[in-house]
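Data block below; observations after.
We count ligands from 1, going down the list as the structure has it; atoms in each ligand are counted the same way.
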Amino acid sequence: MPKTQEPDRPALPVARGTADAAPADASHLHRTVLRRMRFVMAAICSVALCALMAALYLLGLMPGAVAASGAALILGSVLAFALVFRWRLNLRATDPSLTVPMTMVAVLCVLYVMAGSDIARDTFVSFFGLVLLFGVFRYTTRTLLQHAGLMLLGYGVVIFLHWHGRPAGDGLLVDAARWLTLATVLPLFTIVGGQIMAGRRAAMQRLRDSEERFRRLTALSSDWYWEQDSMLRFTTLSPGLEAKAGIGPARLIGRTLPQVAQAPPRTSWEAYAEASAAHLPFVNLECQSNDDSGTLRWLSLSGEPLFDPDGMFLGYYGTGRDITEHKQAEERIHFQAHHDALTGLPNRLLLLDRLEHAIAQADRDGHALWVVFVDLDRFKRINDSLGHKSGDLLLQGVAQRMQSHLRPSDTIARLGGDEFVLVLSDWPAGSLSLGLMQQMLDAVRAPFAAGGNAITISCSAGIAVYPGDAGTAELLVERADVAMYRAKEAGRNNAHFYKAEMNALAMRRLRLESELRSALEAREFVLHYQPQMDLATGRIVGVEALLRWQQARPGLTQPVDFIGIAEETGLIVPLGDWVLETACAQAVAWQRSGSSRLRMAVNLSARQFAQKGLVATISAALQRSGLEPSLLEIEITESLMMADVEQAVTTLAALKGLGVHVSVDDFGTGYSSLAYLKRFPVDVLKIDRSFIRDIVSDASDAAIVAAIISLAHSLGLTVVAEGVERPEQLIYLASCGCDTVQGYMVSPPMQADALDQLLRTVPAALPARIGAGQRRA
Ligand SMILES: Nc1nc2c(ncn2[C@@H]2O[C@H](COP(=O)(O)O[C@H]3[C@@H](O)[C@H](n4cnc5c(=O)[nH]c(N)nc54)O[C@@H]3COP(=O)(O)O)[C@@H](O)[C@H]2O)c(=O)[nH]1
């Protein structure tokens with residue numbers, strides 16, 4: 001592992017203890033260092049030369065004046081160059097290192113000294129060589145040859161001067177021989193030196209290229225480079241760390257990883273400590289560290305151990321990466337996978353996970369926990385009538401209200417649609433109660449402002465208690481769901497505890513649901529028909545089609561036992577279509593067999609009524625059967641119409657447009673407003689049998705029935721009284737002017753054949769039965 005940088009090498013794109021300069025600054029720094037180095041080397045040579053001259057003078061080999069003036073010349077030129085460097089004048093030259101001028105000045109100085117001396121030429125020749133030698137580290141072959149040529153020329157000048165100063169001396173011949181030797185050797189020497197230089201420059205260039213590639217790669221890559229010493233302290237960090245993760249190297253240099261970062265939540269440094277103690281490589285080690293602005297960032301490091309040739313551990317080197325965004329995306333995905341997008345509440349997956357933890361905690365602490373299944377009452381109707389946006393706002397509001405009644409340790413989850421599950425754990429013993437649940441339900445029931453509407457919605461809740469009701473998370477939720485159904489059946493807007501027998505009921509429901517699905521295909525449904533008698537004439541004027549489920553076992557099932565589930569599961573739609581088709585076909589069949597023209601009343605459920613293609617379906621049934629529209633009567637309950645008045649008015653108007661009759665079923669039992677009644681395009685009011693039952697004994701019922709009949713007549717509607725079982729009821733109804741009656745007194749619902757039989761005998765039979773009844777009364 002490199003500890004220091006070579007002085008003449010371009011700086012690596014790494015920081016050593018301080019923040020790095022930009023790459024351009026690094027290369028500028030590199031050149032400045034080179035220039036200084038050269039100047040210092042030239043100055044050392046010059047000082048060495050002065051020292052040598054002083055020694056020659058002391059040994060008596062050089063005249064004092066020559067030595068002094070030579071030394072002054074050399075030191076003066078070094079000083080001049082120093083000033084040139086100091087004021088950066090060299091930067092204006094094409095060769096800012098000034099190697100060539102310095103060499104030239106050095107040669108001139110030597111020539112000057114030689115000109116004033118007559119001994120020790122070899123020494124001076126050596127100086128030429130020395131000067132050239134330094135040049136080897138800088139010059140090309142060509143420049144070396146030029147300088148060698150200049151030197152030889154200078155030497156030639158010296159010989160010439162000596163020739164004239166001291167002619168005919170032996171020394172001149174020796175000088176000439178030396179000159180010739182130099183003239184032969186120097187070119188060779190310079191060529192070799194130039195080659196060495198060229199090789200060295202090429203090697204340097206390759207190194208620079210490689211480092212430049214490394215620098216570019218690290219600049220492009222999202223990774224950064226790092227090195228650690230044998231004590232696992234950071235020694236080297238590439239600029240990427242600061243640029244990409246906002247962490248200045250000063251914070252890391254000299255420190256170990258655990259000193260500057262922390263292990264991710266719920267983990268430790270154990271694995272890293274083991275790998276680094278064993279000098280093993282590690283990959284994608286994740287940790288967290290604050291950046292310089294204090295923001296917590298995620299880092300991922302991979303490292304390789306570094307050993308010297310003797311196998312001695314030197315430290316680690318490796319790469320690092322800022323994975324904060326990746327981690328944040330991962331967290332977002334994790335959140336989305338575990339939470340409901342609309343409310344931000346935990347979803348089923350997270351609920352079950354939390355519930356399992358709560359169960360484990362309850363086991364440890366020995367306390368109970370509640371799982372509460374909450375379902376909004378009639379949410380679908382609100383969603384369909386006010387739109388999904390209002391429905392969404394409502395769900396968010398409900399979630400907030402429930403949450404405000406919980407403790408921070410509780411969980412509230414949304415399973416989808418209008419279903420929520422609460423996990424109440426860690427409540428003080430005895431503090432959980434049904435009253436508390438009711439308080440929460442009441443809070444939910446306060447009006448909401450959603451999309452400009454004030455909406456009121458209630459909810460039903462089922463409670464399963466751990467450990468009494470179930471031992472696993474799944475089963476607890478299931479049982480709370482069963483209890484919630486019980487709460488719905490018991491009239492909604494209340495909370496019920498799970499009881500073991502509910503499970504049997506729920507199982508029955510499940511079985512029923514799957515049996516219902518196959519019953520349609522197996523043609524197990526039949527229609528029974530109940531006659532409606534005109535009170536004035538005693539004639540059968542219509543029938544109501546009533547659905548029955550005929551199975552081999554248990555036999556005939558009444559609609560009250562399966563219509564609700566068919567409605568919940570949506571099966572009522574195909575089932576209702578079948579009823580419509582069959583009833584219309586039967587009415588036409590009776591007409592064709594010679595029976596009178598009976599009006600056929602068919603019940604519509606809420607789901608059917610909300611179907612977009614309802615009018616088209618009825619029209620198609622009429623066309624296929626050939627039934628006259630006025631002979632079809634659609635029965636819609638009063639509460640169904642009041643659920644969404646505007647929608648009901650539109651649909652009823654469309655039905656009226658077809659020419660069919662519309663009757664209001666169970667009239668008097670709902671929240672109907674008389675003001676609304678005149679807006680509905682209906683033909684018939686069917687008084688609910690709960691008013692008829694005590695009509696003779698209860699003065700209020702009698703008054704209500706009389707008022708309904710009078711009101712209906714004043715609105716131009718006809719009245720059918722349901723559930724007429726006794727003659728005295730019939731007599732009272734007749735006295736109030738009721739138009740039509742339906743009930744066991746006239747006939748119970750019966751199969752088509754039986755009714756056909758009855759119709760053939762009725763003109764005589766019915767008035768006789770009624771007459772007998774009247775007599776009994
Ligand atoms: N959406 C659909 N709903 C349907 C269909 N077929 C029936 N129903 C609805 O089921 C409810 C129960 O119907 P059912 O058990 O057939 O009871 C009807 C009569 O048997 C009963 N009735 C008639 N006369 C008397 C009587 O004198 N006493 C007495 N205790 N009961 C009597 O009343 C039911 C008819 O009521 P209504 O529909 O309100 O006129 C019932 O609500 C049906 O609407 C179907 O095809 N689709």
Stepwise side chain to side chain contact (heavy atoms under 4.5 Å, CB included) test for Gln729 and Val696: CA-CA 6 Å; Gln729 294 167 327; Val696 189; 4.2 Å; yes

Less than 4.0 angstrom from a charged side-chain N to a carboxylate O is my criterion; do Lys656 and Asp683 meet it?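 Looking at Lys656 and Asp683, the cut-off is met.
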
Can we say Glu544 and Lys686 salt-bridge, meaning some charged N sits less than 4.0 Å from an Asp/Glu carboxylate O?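 So Glu544 pairs with Lys686 through a salt bridge.
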
Side chain, backbone, both or neither: which part of [X] comes within less than 4.0 Å of ligand 1 when only heavy atoms are counted?
X	answer
Val602	neither
Val579	side chain
Asn603	both
Arg548	side chain
Ser605	both

Relative to the heavy atoms of [X], which atoms of ligand 1 are at a distance of less than 4.0 Å?
X	answer
Glu725	26 (C), 27 (O), 28 (N), 29 (C), 30 (N)
Asp666	39 (O)
Gly723	25 (C), 26 (C), 27 (O)
Gln558	15 (O)

Pairwise distance OG(Ser700) to CZ(Phe691) - rounded to 0.5 angstrom: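 Output value for this atom pair is 10.5 Å.
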
Could you measure the distance from the CE atom of Met440 to the CG atom of Leu422? Nearest 0.5 Å is fine.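 Here the interatomic distance stands at 4.5 Å.
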
Applying salt bridge (Lys or Arg N to Asp or Glu O under 4.0 Å), run through Glu728 and Arg726 and close with a yes or a no. CA-CA 6 Å; Glu728 51 271 33; Arg726 300 193 305 277; 3.1 Å; yes

Check: Leu546 N/O within less than 3.5 Å of ligand 1 N/O: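 No: no nitrogen or oxygen of Leu546 is under 3.5 Å from one in ligand 1.
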
Indicate whether the side chain of [X] and that of [Y] have a donor and an acceptor atom separated by less than 3.5 Å.
X	Y	result
Asp666	Thr637	no
Asp375	Ser460	no
Thr569	Glu513	no

[atom]: nearest protein contact (heavy atom, Å):
atom	answer
atom 33 (O) of ligand 1	Arg689 NH1, 2.8 Å
atom 13 (O) of ligand 1	Pro559 CG, 3.5 Å
atom 24 (N) of ligand 1	Gln530 NE2, 2.9 Å
atom 31 (N) of ligand 1	Tyr744 OH, 3.4 Å
atom 38 (O) of ligand 1	Glu544 OE2, 2.8 Å
atom 6 (N) of ligand 1	Leu547 N, 3.0 Å
atom 36 (O) of ligand 1	Glu722 OE2, 3.3 Å

Within the structure, does at least one protein heavy atom fall under 4.0 Å of [atom]?
atom	result
atom 42 (O) of ligand 1	no
atom 28 (N) of ligand 1	yes
atom 21 (C) of ligand 1	yes

Is it true that [X] lies under 4.0 Å from ligand 1, counting heavy atoms only?
X	value
Lys686	yes
His528	no
Gly576	no

Give the ring-plane orientation class for Phe525 versus Trp578, where under 30° counts as parallel, over 60° as perpendicular and anything between as tilted.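 Geometry flag for Trp578 against Phe525: tilted rings.
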
Could you work out, with side-chain hydrogen bond (donor to acceptor under 3.5 Å, both in side chains) as the rule, every residue matching Ser690, not counting sequence neighbours?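 Here the qualifying residues are Asp688.
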
Locate the shortest heavy-atom distance separating Leu345 from Arg414; write the atom from each residue and the value.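 Looking at all heavy atoms of both residues, the shortest contact is CB-N, 4.1 Å.
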
Output a table of donor-acceptor pairs, distance under 3.5 Å, between side-chain atoms of residues 547-566 and any protein atom two or more places apart or on a different chain; print 'none' if there are none.
from: Arg548; atom 1: NE; to: Gln558; atom 2: OE1; distance (Å): 3.3
from: Trp549; atom 1: NE1; to: Glu524; atom 2: OE1; distance (Å): 3.0

Quick check, are the ring centers of Trp370 and Phe497 under 6.0 angstrom apart?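 Aromatic pair counts; centres sit under 6.0 Å.
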
